[in-house]
Amino acid sequence: MGGLMAPIGELVERSRRLGSDPRNTNYAGGNTSAKGETTDPVTGGPVELLWVKGSGGDLGTLTESGLATLRLDRLRALAGVYPGVDREDEMVALFDYCLHGRGGAAPSIDTAMHGLVEADHVDHLHPDAGIAFATAADGEALTKECFGDRVIWVPWRRPGFQLGLDIAAVRRAHPGAIGVILGGHGITAWGDTSQECERRSLEIIRTAQAFIDERGRPEPFGAAVPELAPLPPHERRSRAAALAPVLRGLASTDRPQVGHFTDAPDVLDFLSRTEHPRLAALGTSCPDHFLRTKVRPMVLDLPPAAPVDDVVARLKELHAAYREEYAGYYQRHAAPDSPAMRGADPAIVLVPGVGMFSFGRDKQTARVAGEFYVNAIHVMRGAEAISRYAPIPESERFRIEYWALEEAKLARMPAPKPLASRVALVTGGGSGIGRAVALRLAAEGACVVVADRDAESAARVAAEIGTADAAVSVAADVTDEEQIGAAVRDAVLAFGGIDLVVNNAGLSVSKPLLETTLADWDLQHDVMARGSFLVSREAARVMVGQGMGGDIVYIVSKNAVFAGPANIAYGSAKADQAHQVRLLAAELGEHRIRVNGVNPDGVVRGSGIFASGWGAQRAAVYGVPEERLGEFYAQRTLLKREVLPAHVANAVFVLASSDLSHTTGLLVPVDAGVAAAFLR
């Protein structure tokens, strides 16, 4: 076992070190391998194995399960049956016949590169500095000038078995070389030990960067254009929040997308320079880049100070032109057996003075697409500094984007969850029903913005859901118009827009009429009636701007229709919310925004309202011990069952799901059956 584990352990550790530094490779970019000998459990004899990072994994977080394990003799024997580049794709299926044992990751297209090269350890990486050489117009000469015979130039070839044969031939012909620059693509390095391989990978990357830094011209993107200078930070983010819903709606023309925004300095500098339109139009080159960013971005051609209405109108014109151009790109290069066009909307939108918007099927995909375009900016800067940026031909990019193997990889992805690509804002999400709703919506695939007056509780729930790709928290008092506006802007900047709002924030004070103060009345109406109105109004503005429809769900109460004792302020505020459901359903239907509500009752366990004093007050009204209030409520229902926060969350999910796509203006009782609260 020791002979087996040593190379695997070294490989995983090397991969994580290399993958954790963005200067070395991008997210999920590149692959690493190790070769070693172990005992064949069938024959009892020695067997040489190749361990290589599998398809779709990320070097920075690689584990042993992310490796594919293949028999080296069988993998190398494939050279004898290789039918040539015209039937390249057939080779990937043959990798399965070379696997050793069960489990592990699926072999990637780069497996041949690792297995055919005569070295115990191989790294294939996508460093920005290396790709700058790979995409320079005179990259071959620059590689020679920078590295001599230590690093060899390999002309562009689509990843696959032939590329593996090419690199293996270079290794044999240049025994003193430590690696290669792959034209249009990246780098590959090798070594006799894991440490030597890693050292050589870093040598190539750092030597290339030093060459660019020392020899490159100072302003490769051209002179700064004063009219394109970045807006001040607050104004920039305000403009981004105004544009994000519109852009998300445009980017979702073919299928719903989640958005990501960045105003990173590298992006703003690039967009402020004279050469950015020319370079952006050239598109990206490294296969990992354009598979995620599409062949080229959409670029706004108006200055940052242009009126928002003019910008929106121009973005719509540019989007229509982009879709037409993308369809033309597909038609120019598609073969009879090409996969169908996957969608003509941009994945990257560049807005000078503001920043970059990126889009994908979920937040991680959208964020990573943006990160890859930042990599592309670095590549263009490096290539333009030492030469001229010259990406691979458009026809080659199409062959990668619509590769049958890429289509197969997409087909292997799990089916999306019911609320995938939807963005939900939950008020009062830091505890009780709000927390349960946030957790349920996230479990069903939604990106969730947890809003609560208590910032710490909101942050705890967001962290409970997962990373910022799944949930973020915002501090917001729903009675404060400015705070609600800020919370909605934060949600838009986090995920590109809003599709679902849950008006859950609430509180209650139980007093009879003669003891109810004006402050009691105002407080409950401010939080529930006024607060729901403010949240719905601001969210509806975003939804209308997106043009994607949406859902607004009110957490109302059985008390909206049931006249209970000592409940004048709370019951009236809830009745106000119930009628807001009807009014907004009637008004927003033309925008495909559905408005529905839930009428819970007796949610004692896990309820923030009951824990804050309402429980004790209601127990006193009904003459039961507070600890038995939930049981009391259950026994007065038709089903004799206690209502929990999760039951309310279930109703919210059903109302927001596609199963009730034609339902609006509905109030759903979740009270275990209270006949006096039946809706009439």
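Since the structure is predicted, the reported quantities are computational estimates derived from the model, not experimental observations. The first residue of the sequence shown is numbered 1, and numbering continues consecutively from there.
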>> Suppose the criterion is ring pair (Phe, Tyr, Trp, His ring centres under 6.0 Å): which pairs have a residue in residues 229-267, not counting sequence neighbours?
In response: Phe261-Phe357

> Sub-3.5 Å donor-acceptor pair from the side chain of Ser338 to the main-chain atoms of Ala335, do we have one?
Replying inline: yes

> Just wondering, do Ile205 and Ile187 contact through their side chains at under 4.5 Å, heavy atoms?
Replying inline: yes

> What residues form a side chain to side chain donor-acceptor pair (under 3.5 Å) with Glu324, not counting sequence neighbours?
Replying inline: none

>> Give me the atom names and distance for the closest heavy-atom approach of Ala119 to Trp190.
In response: CB-CB, 3.6 Å

> Is there a donor-acceptor contact under 3.5 Å from the side chain of Ser252 to the main chain of Gln257?
Replying inline: yes

>> Checking Arg314 now: which residues fulfil salt bridge (charged side-chain N to carboxylate O under 4.0 Å, His left out) with it, not counting sequence neighbours?
In response: Asp301, Glu317

>> Is any side-chain heavy atom of Phe95 closer than 4.5 Å to one of Ser108?
In response: no

>> Closer than 3.5 angstrom, by distance alone: can the side chain of Arg236 be matched with the main-chain N or O of Leu231 as a donor-acceptor pair?
In response: yes

> At what distance, to the nearest 0.5 angstrom, does CG of Asp269 lie from CZ of Phe221?
Replying inline: 7.5 Å

> Does CZ belonging to Arg23 count more than 12 external heavy atoms closer than 6.0 Å?
Replying inline: no

> Can you check whether Phe211 and Phe147 have ring centres sitting under 6.0 Å from each other?
Replying inline: no

> Counting N and O atoms only, with roles assigned by atom type, does the side chain of Arg217 sit under 3.5 Å from a partner on the main chain of Ala385, one being a donor and the other an acceptor?
Replying inline: no

>> Looking at every non-hydrogen atom in both residues, tell me the closest pair between Leu315 and Leu250 and how far apart they are.
In response: O-CD1, 3.9 Å

>> To check you understand the geometry: which heavy-atom pair defines the closest contact between Arg397 and Leu282, and what is its length?
In response: NH1-O, 2.7 Å

> What is the minimum heavy-atom distance between Ala376 and Thr284, and which atoms define it?
Replying inline: CB-CG2, 3.4 Å

> Would a 4.5 Å heavy-atom cut-off, applied to side chains only, mark Phe161 and Leu116 as touching?
Replying inline: yes

>> Using only atom types and a distance under 3.5 Å, with no angle test, would you say the side chain of Thr111 pairs donor to acceptor with the backbone of Pro107?
In response: no

> Roughly how far, to the nearest 0.5 Å, is the OG atom of Ser15 from the CG atom of Asn24?
Replying inline: 11.5 Å

> For atom CZ of Arg388, is the number of surrounding heavy atoms from other residues, nucleotides or ligands below 6.0 Å larger than 12?
Replying inline: no

>> If we ignore hydrogens and angles and just use 3.5 Å, is the side chain of Asp254 paired with the main-chain N or O of Ala344 as donor and acceptor?
In response: yes

> According to the interplanar angle, ranging from 0 to 90°, do the rings of Tyr402 and Tyr326 count as parallel (below 30°), tilted (30 to 60°) or perpendicular (above 60°)?
Replying inline: tilted

> Going through the distances and angles, do Glu401 and Tyr329 end up as a side chain to side chain donor-acceptor pair (under 3.5 Å)?
Replying inline: CA-CA 11 Å; Glu401 185 177 357; Tyr329 154 76; 2.7 Å; yes

>> Could you go through Phe372 and Phe290, starting from their C-alpha distance and side-chain angles, then the distance that decides it, and tell me whether this counts as ring pair (Phe, Tyr, Trp, His ring centres under 6.0 Å)?
In response: CA-CA 8 Å; Phe372 271 75; Phe290 60 76; over 10 Å; no

>> If we count only N and O atoms by modelled type, under 3.5 Å, do the side chains of Gln364 and Tyr27 hold a donor and an acceptor together?
In response: yes

> Under a 4.5 Å cut-off applied to non-hydrogen side-chain atoms, are Leu243 and Val311 in contact?
Replying inline: yes

> In Å and rounded to the nearest 0.5 Å, what is the CZ to CZ distance from Arg367 to Phe495?
Replying inline: 11.0 Å

> Does any donor atom in the side chain of Glu371 or Asn375 lie under 3.5 Å from an acceptor atom in the other side chain?
Replying inline: no

> Quick one: salt bridge (Lys or Arg N to Asp or Glu O under 4.0 Å) pairs with a partner in residues 355-366, sequence neighbours left out?
Replying inline: none

>> Taking the basic N atoms (NZ, or NE/NH1/NH2) and the acidic carboxylate oxygens, is any pair closer than 4.0 Å for Glu384 and Arg278?
In response: yes

> Would you say Ser358's side chain and Ala366's backbone share a donor-acceptor pair under 3.5 angstrom?
Replying inline: yes

All N/O donor-acceptor pairs, side-chain side in residues 302-309, below 3.5 Å, sequence neighbours left out:
none

>> In the structure I gave you, are the side-chain heavy atoms of Val180 and Thr143 within less than 4.5 Å of one another anywhere?
In response: no

> At what distance, to the nearest 0.5 angstrom, does CZ of Phe133 lie from CD1 of Ile386?
Replying inline: 4.0 Å

> Asp149: what forms a salt bridge (charged side-chain N to carboxylate O under 4.0 Å, His left out) with it, not counting sequence neighbours?
Replying inline: Lys144

>> Would you call the rings of Phe270 and His276 parallel, tilted or perpendicular, taking 30° and 60° as the class edges?
In response: perpendicular

>> Listing request: all salt bridge (Lys or Arg N to Asp or Glu O under 4.0 Å) pairs with a residue in residues 345-357, at least two apart in sequence or in separate chains.
In response: Arg323-Asp345

> What are the two closest non-hydrogen atoms of Ile392 and Glu396, and how far apart are they?
Replying inline: CD1-CB, 4.0 Å

> In terms of side-chain geometry, is the basic nitrogen of Glu394 or Arg296 positioned less than 4.0 Å from the acidic oxygen of its partner?
Replying inline: yes

> Tell me, do Asp89 and Trp403 make a side-chain contact under 4.5 Å, heavy atoms counted?
Replying inline: yes

> Of all residues at least two apart in sequence or in a different chain, which pass the side chain to side chain donor-acceptor pair (under 3.5 Å) check with Thr253?
Replying inline: none

> Out of His124, Arg157, Arg158, which one pairs with His185 under the side chain to side chain donor-acceptor pair (under 3.5 Å) rule?
Replying inline: His124

> Is a side-chain N or O of Thr25 found less than 3.5 angstrom from the main chain of His126, in a donor-acceptor match?
Replying inline: yes

> Under 4.5 Å between any side-chain heavy atoms of Cys146 and Thr207, yes or no?
Replying inline: yes

> Which residues satisfy the side chain to side chain donor-acceptor pair (under 3.5 Å) test with Arg239, sequence neighbours excluded?
Replying inline: none

>> Quick check for you: to the nearest 0.5 Å, what is the distance between His174 atom NE2 and Ile152 atom CD1?
In response: 4.5 Å

> Can you name the closest pair of heavy atoms from Ile131 and Gly186 and give their distance?
Replying inline: CG1-CA, 4.1 Å

> Distance from Ser421 atom OG to Asp499 atom CG, nearest 0.5 Å?
Replying inline: 7.0 Å

> So, Ser387 and Asp138: side-chain donor and acceptor under 3.5 Å apart, yes or no?
Replying inline: yes

> Got a sec, which residues hit side chain to side chain donor-acceptor pair (under 3.5 Å) with Ser194, two or more places apart in sequence or on another chain?
Replying inline: Arg14

>> I'd like to know if the side chain of Lys53 and the backbone of Gly30 have a donor-acceptor N/O pair within less than 3.5 Å.
In response: yes

> Who are the salt bridge (charged side-chain N to carboxylate O under 4.0 Å, His left out) partners of Arg215, not counting sequence neighbours?
Replying inline: Glu145

> Got a donor-acceptor contact below 3.5 angstrom from the Ser20 side chain to the Arg17 backbone?
Replying inline: yes

> Going by heavy atoms in the side chains, are Leu59 and Arg16 under 4.5 Å from each other?
Replying inline: no

> Which residues satisfy the salt bridge (charged side-chain N to carboxylate O under 4.0 Å, His left out) test with Arg150, sequence neighbours excluded?
Replying inline: Glu203

